[in-house]
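In what follows, residues are counted from 1 in the order of the sequence shown.
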Amino acid sequence: MSAPTGDNDSLHELEAEVEAELAMAESSHPEEALKLPVTEWQFDPADAQREEVGLRSLLGAVEALEGDPRFGHPTDRRA
């Protein structure tokens, strides 16, 4: 039994959005901000790192849901 395709579409859309946000977070290069004086920071590098970690966790959760048989993508589970 599979879930309606709308659920899968929503997961794919969420995954694409999280991947785009993650790419933006990675491109911000927070390590380079550490070389500048604090008064010149446009963002706190620690905040950028926390955001990236959160996005990676969210992406992992979405990927886990996509492999969940209750969402229409059964994993290789043999009875």
Return a table of donor-acceptor pairs under 3.5 angstrom between the side chains of residues 53-64 and protein atoms on other chains or two or more places apart.
from: Arg56; atom 1: NE; to: Glu52; atom 2: OE2; distance (Å): 3.4
from: Arg56; atom 1: NH2; to: Glu26; atom 2: OE2; distance (Å): 2.5
from: Arg56; atom 1: NH2; to: Glu52; atom 2: OE2; distance (Å): 3.0
from: Ser57; atom 1: OG; to: Val53; atom 2: O; distance (Å): 3.2

On a heavy-atom basis, which atom in Pro30 and which in Pro45 lie closest, and how many Å separate them?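 Closest approach of Pro30 to Pro45, heavy atoms only: O-CB, 3.6 Å.
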Rounded to the nearest 0.5 Å, how far apart are [atom1] of [X] and [atom2] of [Y]?
{"X": "Ser28", "Y": "Gln42", "atom1": "OG", "atom2": "CD", "value": "10.5 Å"}
{"X": "Asp9", "Y": "Glu13", "atom1": "CG", "atom2": "CD", "value": "6.5 Å"}
{"X": "Glu51", "Y": "Glu21", "atom1": "CD", "atom2": "CD", "value": "6.5 Å"}

Can you list the other members of the hydrophobic cluster that holds Leu34, where links are side-chain heavy atoms under 4.5 angstrom apart?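 Result for Leu34 is Leu36, Val38, Trp41.
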Set of salt bridge (Lys or Arg N to Asp or Glu O under 4.0 Å) partners for Asp44, sequence neighbours left out: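 For Asp44 there are no salt bridge (Lys or Arg N to Asp or Glu O under 4.0 Å) partners, ignoring immediate neighbours.
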Take a 6.0 Å sphere around CD of Glu19 and say whether it holds more than 12 heavy atoms from other residues, nucleotides or ligands.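 Counting other residues, nucleotides and ligands, CD of Glu19 exceeds 12 neighbours.
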Above 12 or not: heavy atoms from other molecules or residues under 6.0 Å from CD of Glu31?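 More than 12 heavy atoms, drawn from other residues, nucleotides or ligands, come within 6.0 Å of this atom.
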